[in-house]
Amino acid sequence: MSQPLRVLLVEDDVADVALVTDAFASQDLASDLHHVADGVEALAFLRREDPYPDAPRPDLILLDLNMPRVDGRQVLAEIKADDSLKAIPVVVFTTSAAADDVVTSYGAHANAYVTKPIDLDDFERALAEIRGFWGRTVTLPHDPPTGT
């Protein structure tokens, strides 16, 4: 990949933000990681609304489900209903292993659902696999689709 993978992390848990940041920094693939703490901020970032008028379009979104104000389920629905955003892959990365959350997320067109491992090594391994797959294996649209 010639340019860094632009990732938007939507996560309210500061400890998980630190773990994700460290895991992405330790990998040999270039990443441009951005973080917002809830769904309101995520939608503002994606729509380039205040305070994010110059926000880059992410190549990948890592989305927690359980957040204050607007939760990840609502954010996922908004992204996938918006013609200018729906092509951005969304990986639900959450502590919930509830079957209802898995089914609902895929029904709302999540591109993947990953339950956050509790063990630190497993957590880092899961992130390395996500990063490797989306950064090396797949071809991503780096520019917004036109005419859709």
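Note that the numbering runs from 1 along the sequence shown for the chain.
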Salt bridge (charged side-chain N to carboxylate O under 4.0 Å, His left out): pairs with one or both residues in residues 102-115, sequence neighbours excluded: none
Test of understanding: with ring pair (Phe, Tyr, Trp, His ring centres under 6.0 Å), list the residues that count as partners of His34, not counting sequence neighbours. Phe45
Can you name the residues that form a side chain to side chain donor-acceptor pair (under 3.5 Å) with Asp71, not counting sequence neighbours? Arg73
Quick one, Val90 with Lys80, criterion side chain to side chain contact (heavy atoms under 4.5 Å, CB included). Give me CA distance, side-chain angles, the key distance, then yes/no. CA-CA 9 Å; Val90 177; Lys80 295 304 181 177; 4.0 Å; yes
Apply side chain to side chain contact (heavy atoms under 4.5 Å, CB included) to Asp100 and list each qualifying residue two or more places apart in sequence or on a separate chain. none
Quick one: side chain to side chain contact (heavy atoms under 4.5 Å, CB included) partners of Leu120, sequence neighbours excluded? Leu19, Glu124
Ala37 and Met67 have their tightest heavy-atom pair at O-SD, 4.1 Å
With clusters defined by side-chain heavy atoms of hydrophobic residues (ILVMFWY) lying less than 4.5 Å apart, directly or transitively, does Val7 cluster with Trp134? yes
Kindly say whether Ile79 contributes a backbone atom to a donor-acceptor pair with the side chain of Lys86 at under 3.5 angstrom? no
Heavy-atom pair of closest approach, residues Pro58 and Ile88: O-CG2, 3.7 Å
Which residues pass the side chain to side chain donor-acceptor pair (under 3.5 Å) test with Ser105, sequence neighbours left out? none
Show your working on side chain to side chain contact (heavy atoms under 4.5 Å, CB included) between Leu140 and Leu5 and close with a plain yes or no. CA-CA 9 Å; Leu140 294 168; Leu5 182 70; 3.4 Å; yes
Do Pro56 and Arg6 come close enough that some side-chain heavy atom pair is under 4.5 Å? yes
Is Leu85 close to Arg57 at the side-chain level, that is, under 4.5 Å between some pair of heavy atoms? yes
Ser31 side-chain N/O to Leu33 backbone N/O, donor-acceptor pair under 3.5 Å: no
Would you check if Glu11 and Leu62 make a side-chain contact, meaning some heavy-atom pair closer than 4.5 Å? no
Do Leu9 and Phe24 have side chains that approach each other closer than 4.5 Å (heavy atoms only, starting at C-beta)? no
Just verifying a value: how many Å separate Thr115 OG1 and Asp122 CG, rounded to the nearest 0.5 Å? 12.5 Å
Same apolar cluster: Val20 and Val91, side chain cutoff 4.5 Å: yes
Any ring-ring contact (aromatic ring centres under 6.0 Å, His included) pairs touching residues 109-132, not counting sequence neighbours? Phe93-Phe123
With Ser96 as partner, the option from Asp101, Asp64, Asn66 fulfilling side-chain hydrogen bond (donor to acceptor under 3.5 Å, both in side chains) is Asp101
Glu78: salt bridge (Lys or Arg N to Asp or Glu O under 4.0 Å) partners, not counting sequence neighbours: Arg47
Side chain to side chain contact (heavy atoms under 4.5 Å, CB included) filter on Pro68, not counting sequence neighbours, yields Asp12, Asp38
Hey, is Asp16 close enough to Lys116 for a salt bridge, meaning N to O under 4.0 Å? yes
Heavy atoms of Leu8 and Ala42 approach each other most closely as CD2-O, 4.4 Å
With the 4.5 Å side-chain cut-off for hydrophobic clustering, are Phe133 and Ile61 part of the same group? no
Residues two or more places apart in sequence or in another chain: which of them pass salt bridge (Lys or Arg N to Asp or Glu O under 4.0 Å) with Asp32? none
List the atom of Gly72, the atom of Leu63, and the distance in Å for their closest heavy-atom pair. O-CD2, 3.4 Å
Find out if a path of hydrophobic residues (ILVMFWY) with successive side-chain heavy-atom gaps under 4.5 Å connects Val114 to Val75. no
Closest contact, heavy atoms only, Arg69 versus Glu41: NH2-CG, 3.8 Å
Of the non-hydrogen atoms in Val92 and Thr94, which two are nearest, and what is the gap between them? CG1-CG2, 3.7 Å
Residues forming a side chain to side chain donor-acceptor pair (under 3.5 Å) with Thr104, sequence neighbours excluded: none
Check side chain to side chain contact (heavy atoms under 4.5 Å, CB included) between Val103 and all other residues, then give those that pass, not counting sequence neighbours. none
